[in-house]
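Here's the structure, in structure tokens; my notes come after.
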Amino acid sequence: MKQQRSQFRAIRGVRDILPPESALWNRVEQTAHHVFATYDFQEIRLPIFEETELFARSVGSDTDIVSKEMYTFQDPLDLDQLVKAYAEGGPNPYKKAFGREGLKAALWEVMPEFQWLTLRPEATASVVRAYIEHSMHTLPGDVKLYYMGPMFRRERPQKGRYRQFYQIGAEVLGQSDSPAIDAEVIEMLMAYLDRLGLSGATLYVNSIGCKECRPEYVAKLREELLKVKDQLGADSQRRIETNPLRVLDSKLEHEQAIIERLPRISDHLCAACREHFAELQAQLKLRSIEYKINWRLVRGLDYYTRTTFEITAPGLGSQNAICGGGRYDGLVELLGGPPTKGIGFAIGTDRLVLALQEAGKGESASHIDVFVAWLGRAESPVYAAAVKLTRQLREEGFVVELPPEEMKLKKSLGLADKLGARYALIIGEDEIASGSFVLKRLADSEQRKLSESELLNYLKSDENRKVAAAQRQS
Ligand code: ATP
Ligand code: MG
């Protein structure tokens, strides 16, 4: 008989984000809410799964994501609904088309089309789907949206690469494809990383042309690649046919010298794309944003046009891209919407958090302000006073730990110390009788006797000093 497991573990490639690291995640997300809002972006909350076809069509079926990384499943619920709709004889195209006998076979036939769902591998497709579904093109001005949440790709798990990972992304959809939009989106991104205190990030930009000039370049590239086919690895050989641009993305050591000699897109851009790229660079300079041009930056997704960009951070090994983005002017139309321009980016939150930790910006200071060391039995007035004072301190915004059971003073102070609390507040019968409490600073054991109102004032002024010190540091 199969032995029953006594414990469970998270499945391969997915993980728990535990305290205290979760505090850093909160800071990263809160800062995004704040900074993006100042650029007038608003949050959109999207479903975690969509029809498979949405990703197949937008991301592109030749991409790694769609061809091998998606978590796709059939949803049996929809089948029930179809059967029910048929039985009730409601508006049901299948009844007419197939007749009663053919129902099962017919349902089986249509299932692949109607019931394949996929855990989202990225969110731009969903944003665009929502933009079309809710006719957002009728809204005044550009539509500026941001999102955050988990994405799913079946990749080989390693540091900075997970099967459930998180992204924070933003998109601008509207009628203009002005490079000023691209530059402002990039400015927002850099301002955000700056606010988080990330240093050493590098911005790479490129233009991959448009549907006017790219096909010609791709044909040229394919031609040159065919000449060196024998020297390429299996992946690149396959991509000569399916997606030659992706060869430029290769990390294989022995292919690097070959790739360096390939034709470059910058020499094949049409006049409009050349001008767009030059203006983007002028706009970045205007904003004092440093960048490097990387002609090999093609991005893995099919829907990109013109501007592409990527940001890398130090200390992450080969998974050093913390953000990717670009322009996708044809995507809305491809998904059945009106002609619309678009640009956006997605930050890999997991990697951003790792980069902040590497940069020494991941430490969160001890979070407990006051540990209430109360002495007496639970039914004593001491405990009642401790509960009341704890509530007051919390209302003032302090983080307070109140032990649920009586503890000896030594044990209490020991625990406060282990938890990293800044202060222990000692409340015993004597303190209640005299109306003053002992506040002990745990770092240096300095003690002071304070009345209730003095206590609040002291902690508040100390809090101010703490905030001021933190600001000086950053
Ligand atoms: P990579 O080349 O590293 O595989 P990508 O081009 O597939 O990245 P995008 O689809 O552009 O990545 O997603 C944007 C960002 O999301 C990446 O720059 C990265 O920070 C993050 N990301 C992508 N895949 C993963 C993953 N499996 N685990 C963690 N973060 C990821
Ligand atoms: Mg990838």
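Both ligands and their constituent atoms are indexed starting at 1 by order of listing. Residue indices begin at 1 and follow the sequence shown.
Those atoms of ligand 1 that come under 4.0 Å of a heavy atom in Ile322, given as number and element, are 18 (O), 20 (O). Which parts of ligand 1 touch Cys323 is read off a 4.0 Å heavy-atom cut-off, strictly below it: atoms 18 (O). The atoms of ligand 1 that sit less than 4.0 Å from any heavy atom of Ala346 are 14 (C), 15 (C).
When the heavy-atom distances from atom 28 (N) of ligand 1 to Tyr162, Tyr304, Phe152 are ranked, the shortest goes to Tyr162. Distances from atom 2 (O) of ligand 1 to the heavy atoms of Arg299, Gln158, Arg161 show the closest one on Arg161. When the heavy-atom distances from atom 21 (C) of ligand 1 to Ala123, Ser318, Gly13, Gly348 are ranked, the shortest goes to Gly348. The residue among Arg156, Gln167, Arg351 with a heavy atom at the shortest distance from atom 8 (O) of ligand 1 is Arg351.
Taking 4.0 Å as the cut-off, Met151 does not count as a neighbour of ligand 1 on heavy-atom distance. Using a 4.0 Å cutoff on heavy atoms, Gln319 does not count as a contact of ligand 1. Heavy atoms of Glu122 stay at 4.0 angstrom or farther from ligand 1.
At a heavy-atom distance under 4.0 Å, no atom of Arg163 approaches ligand 1. Under 4.0 Å from ligand 1, the heavy atoms of Glu155 that appear belong solely to its side chain.
Within a 6.0 Å sphere centred on CD1 of Ile11, heavy atoms belonging to other residues, nucleotides or ligands number 12 at most. A 6.0 Å sphere centred on CZ of Phe49 holds no more than 12 heavy atoms belonging to other residues, nucleotides or ligands. Within 6.0 Å of NZ on Lys159 lie more than 12 heavy atoms contributed by other residues, nucleotides or ligands. Counting heavy atoms of neighbouring residues, nucleotides and ligands inside a 6.0 Å radius, atom CD of Glu212 does not exceed 12 of them.
Contact check on Asp177 versus Arg327 returns no salt bridge, with no Lys/Arg side-chain nitrogen under 4.0 Å from an Asp/Glu carboxylate oxygen. Salt bridge Arg129/Glu50: present, at least one basic N to carboxylate O contact under 4.0 Å. For the pair Asp350 and Arg161, the salt-bridge criterion is not met [side-chain N within less than 4.0 Å of a carboxylate O].
Classification of the Phe36-Tyr146 ring pair by plane angle, with boundaries at 30° and 60°, yields perpendicular.
Taking CZ of Arg422 as the start and CG of Leu442 as the end, the distance is 10.5 Å to the nearest 0.5 Å.
Distances between N or O atoms of Ile347 and those of ligand 1 include no value under 3.5 Å.
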